[in-house]
Amino acid sequence: MAKNLVIVESPAKAKTIEKILGKDFEVKSCFGHIRDLEKDDMGIDIANNFKPKYTIPDDKEKIVKELKKLAKDTDEVWLATDEDREGEAISWHLCEVLGLDPDVTKRIVFHEITKPAIERAVQQPRLLDMNLVNAQQARRILDRIVGFELSPVLWRKMSMRNSLSAGRVQSVAVRLIVEREREINTFNAVSSFKVEAFFTAKDLQGKNITFKAEGPTRFKTAEDAEKFLQQCIGAAYSVKDIQVKPGKKSPAAPFTTSTLQQEASRKLGYSVSKTMLLAQKLYESGKITYMRTDSVNLSDTALGDIQNAITTNYGQRYHQHRKFKNKNESAQEAHEAIRPTYMENATVDDSDTKKLYELIWKRTIASQMSDAELEKTIAKIDISTNHEELTASGEVLKFDGFLKIYMEGKDDEDVSDEEESDGSLPALTVKQALDLKEMKATERYSRPAPRYTEASLVKKLEELGIGRPSTYAPTITTVQKRGYVEKRDKEGIKRDFRILSLKADKITKVTESENTGAEKSKLFPTDLGMIVTDFLNQYFSSVMDYGFTAKIEGEFDEVAHGKKIWNKMLNDFYTPFHKDVENTLEKAERVKGERQLGTDQETGKPIVARMGRYGPMIQIGKAEDEEKPKFAKMKSTQSIETITLEEAMELFRLPRNLGQFEDQDVLVNIGRFGPYAAHNKQFYSLKKEMDPYTVELDEIAPLIVEKRTAKDERTIKIFEKEKIQILKGPYGPYIKQGLRNYKIPKEKIDAAADITLEEAKAIIEDVKANPPKKKAPPRKKKAE
DNA sequence: CAGTGAGCGAGCTTCCGCTTGACTT
């Protein structure tokens, strides 16, 4: 038994630290929080000054028991949880549960797992900081109150019966997506004409190079653009002025959780949860430092290794020492930035994590490399006929610096169409005459802000100080699981644009078309998400405010610094909040999410789009009418807010009866699993290219025949009464009864057709009695 | 696998943040 027991949060960390500290120290992990508020009655005694009621969750019993025993048998316990609010609270809970005296128990902290940092920490133990603990308790209790008081309001006031939820983080995340969608829906694209002139000139080698110059302004109308081109007929062009300016680019900071998720999404197309899964794997195998962090700091040891790697691989000139600072005030910086543990490993063998590791390696190295040096050239070109100016700009890389290995990606949001990468210009001299090849005025449309990707939503949340590195991925999953948000693609629509061209002193006009509004893997709000957001905005505007978290974080900080009493702070929040809850329960109407679309031309009955028990639908007529109302389910891409009357009426064309095939009606409809045809009590999924609104009988008939013969071919034998089938599967013959499959023993497999009913029954009984051994889960091959 | 959509209301759901395995298809 070691003399000292050190408790940290993560087991991977425990292993490393144990090696550093040597044999007098046993290092154990508590796997995060070991206690939480009870679920019953919110786990808070509100009347008693918000006294929390803590309990040890089932899955933590085992580790708590083990820690208790170890703590009893050891001379001294050291609490080495993370140096932030949550970590301090975990240490306090450990004191409470393990029976340690908080006034004497040693608390140590470090924000990097390196030998010097840990040895230093052990030299300077401190005591628990109860103010910090209280700030965490306030945070925990406030989140519980918001979540557990708001969610039941939704259960009462929403007519849809899902397991709805609301919370400080998730509800604001949904709000961002809802508001972005509405911005896009109401956006009016405005077009303007952008002028580009193409010239050729000889470069230093005497080779002809074509380069581009931009017009003086964007023209609002085609007429204005044409007028400009007309003025240029017969013009001479000459270089009026050349400016050469040096420029530089600097590398981005090393990865935090949020920036790693963004880059992995932009460059590798990973979802945030995939990124975190792979990063966890790398962390557990000791390849990278901790992956849930908001710090951009690198340890001195790491900085030395990085410098080494850069100078050996690229030379001294490529190294530049840099210290990055967090922009974000809410950062708690308990860890280092995400970096490889061993900089000498530029890659890993494992194929799953290879790409992510290389990304981390490059980003880390680049962060300590020199600036890239550029030379930006701007040439002004005079037009003789109207003395307007064209501007050609070029960029030449003089020294690549960090760009040698890494360039940060960009979101759509940050890229305007003005900002195309400039190529290089040929060597020009002032007064040089230029030959115009062509001048074009192209119609371009303004674009709305793009929909969020998972990663760009994380970026936004982080900017607002909402959520923590450990919750970004789970939050994104939650809002999708609750049905507030969907990740999907959207097809673009065709849009015409005009091009006016001046070539050989003649103006021509053409119209071309482009695809616009196409989206891939973007977050869309559902009708449910919109309705719930509107409701919460209306009755709980303070919690839904984008600044709410930042505001209460400020108060938590005051608690942490001993300037505010935690239960008083909670009371200040709770009194008005709870009044809103009661008020809403009493006054708010049940929300149906209805939107009137118009009236039915035939019957004069009202047509509404609304939420039904099974999702958004269209209803013609009212429930209280004599004749039952007619219903149609909306398509998954439609929304209550935007569907038109025409689109709604179109939905009532289903189910369609296509006529008879083999004396039975063929009906086409859209079901839970997509479009299908029903015939003789059998269902046939329509092929992707078949449109249920237009598909014809002669397209469906082969589908029916095909499925029937495929089934015949698969069937070896049927015992009708007992519902036992012997079938041919991809791995050979097998027995099926009901929904379960049974493996045929090896010795009978070659004569599967000869199996009798008795034999089949025996096999089934046998398999039931001795269930097959479980195999390791198959590797997921498919990327998302 | 695929059809539904009143109102009544039993018994259910729910938060955020800290950490990893154990489940079978």
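Chain letters run A, B, ... following the sequence lines, proteins first and then strands; every chain starts at 1.
Taking a 4.0 Å limit (strictly below) on heavy-atom distances, residues 283-295 of chain A reaches DNA chain B at A:Y283, A:E284, A:Y290, A:R292. Listed in residue order, the members of residues 471-485 of chain A having a heavy atom less than 4.0 Å from DNA chain B are A:T471, A:T478, A:R482.
Among the nucleotides B:dT20, B:dA2, B:dC15, the one closest to the side chain of A:Q170 is B:dC15. Side-chain atoms of A:P152 lie closest to B:dT14 of the nucleotides B:dT19, B:dA2, B:dT14. Listed nucleotides B:dT20, B:dG3, B:dT14 differ in distance to A:Y676; the shortest reach to its side chain belongs to B:dG3. With B:dT19, B:dG17, B:dC15 as the candidates, the nucleotide lying closest to the side chain of A:K39 is B:dC15. Side-chain atoms of A:S163 lie closest to B:dT13 of the nucleotides B:dC18, B:dG17, B:dT13.
A:R144 contributes no side-chain N or O that forms a donor-acceptor pair with the base of B:dC16 under 3.5 Å.
Residue A:S151 places no side-chain N or O under 4.0 Å from the OP1 or OP2 atom of B:dC15. At B:dG17, none of the side-chain N or O atoms of A:R140 fall inside 4.0 Å of OP1 or OP2 (strictly under the cut-off). OP1 or OP2 of B:dC18 sits under 4.0 Å from a side-chain N or O of A:S470. At the phosphate of B:dT13, neither OP1 nor OP2 sits under 4.0 Å from any side-chain N or O atom of A:S165.
Contacts of A:A678 with the nucleic acid, taken as non-hydrogen atoms under 4.0 Å apart, are absent. Residue A:G87 is out of contact with every strand shown, counting any heavy-atom pair closer than 4.0 Å. Residue-level contact check: A:R168 touches the backbone only, with heavy atoms under 4.0 Å from sugar-phosphate atoms and none from bases.
A salt bridge links A:R168 with A:D143; the closest basic N to acidic carboxylate O contact falls under 4.0 Å. Checked for salt-bridge contact, A:D350 and A:K287 miss the test: no charged N lies under 4.0 Å from a carboxylate O. A salt bridge links A:E553 with A:R85: the closest approach of a Lys/Arg side-chain nitrogen to an acidic carboxylate oxygen falls below 4.0 angstrom.
The side-chain tip of A:R175 points at the ring of A:Y546 from less than 6.0 angstrom away and within 45° of straight on. Geometrically, A:R482 does not engage A:Y484 in a cation-pi contact, judged by NZ or CZ lying under 6.0 Å from the ring centre and within 45° of the ring axis. Relative to the six-membered ring of A:W92, A:R107 misses at least one condition, a distance below 6.0 Å or an angle of at most 45° to the axis.
In this pair, A:Y574 and A:F50 present their aromatic rings perpendicular. The plane angle is above 60°, beyond the 30 to 60° band. Taking the six-membered ring where the residue is Trp, A:F548 and A:F573 present tilted rings, their angle falling between 30° and 60°. Using the six-membered ring where Trp is involved, A:Y290 and A:H335 have ring planes that are tilted, between 30° and 60° apart.
Summary of the strand contacts: A:G167 and A:D59 both lie near DNA chain B, and taking for each the nucleotide with the nearest heavy atom, the more 5' one is attributed to A:G167.
The gap from the C1' atom of B:dT13 to that of B:dG9 amounts to 15 Å, rounded to the nearest Å.
Between A:H679 and A:D665, the shortest heavy-atom distance links the atoms CD2-O, 3.7 Å. When all heavy atoms of A:P11 and A:F31 are compared, the pair lying nearest together is CG-CE2, 3.6 Å.
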Return one dot-bracket line describing DNA chain B 5' to 3' (Watson-Crick or G-U wobble pairs, both distances under 3.5 Å; ( ) same strand, [ ] crossing, | another strand, . none). .........................
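No aromatic stack links A:F683 and the base of B:dC1, using centre distance under 5.5 Å and interplanar angle under 30°.
Using modelled atom types, one finds no donor on one side chain facing an acceptor on the other under 3.5 Å when comparing A:T478 with A:Q170.
Every residue was checked against the salt bridge (charged side-chain N to carboxylate O under 4.0 Å, His left out) condition with A:E463, not counting sequence neighbours, and none meets it. Checked against side-chain hydrogen bond (donor to acceptor under 3.5 Å, both in side chains), A:Y54 has the following partners two or more places apart in sequence or in another chain: A:Q137.
Under a cut-off of 6.0 angstrom, the local environment of NZ in A:K630 is sparse, with at most 12 non-hydrogen atoms contributed by other residues, nucleotides or ligands.
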Are any protein N/O atoms closer than 3.5 Å to N/O atoms in nucleotides 4-6 of chain B? If there are, list each pair with its distance.
from	atom 1	to	atom 2	distance (Å)
B:dT4	O2	A:Y614	OH	2.7
B:dG5	N2	A:R613	N	3.4
B:dG5	N2	A:Y614	N	2.5
B:dG5	N2	A:G615	N	3.3
B:dG5	N2	A:G615	O	3.3

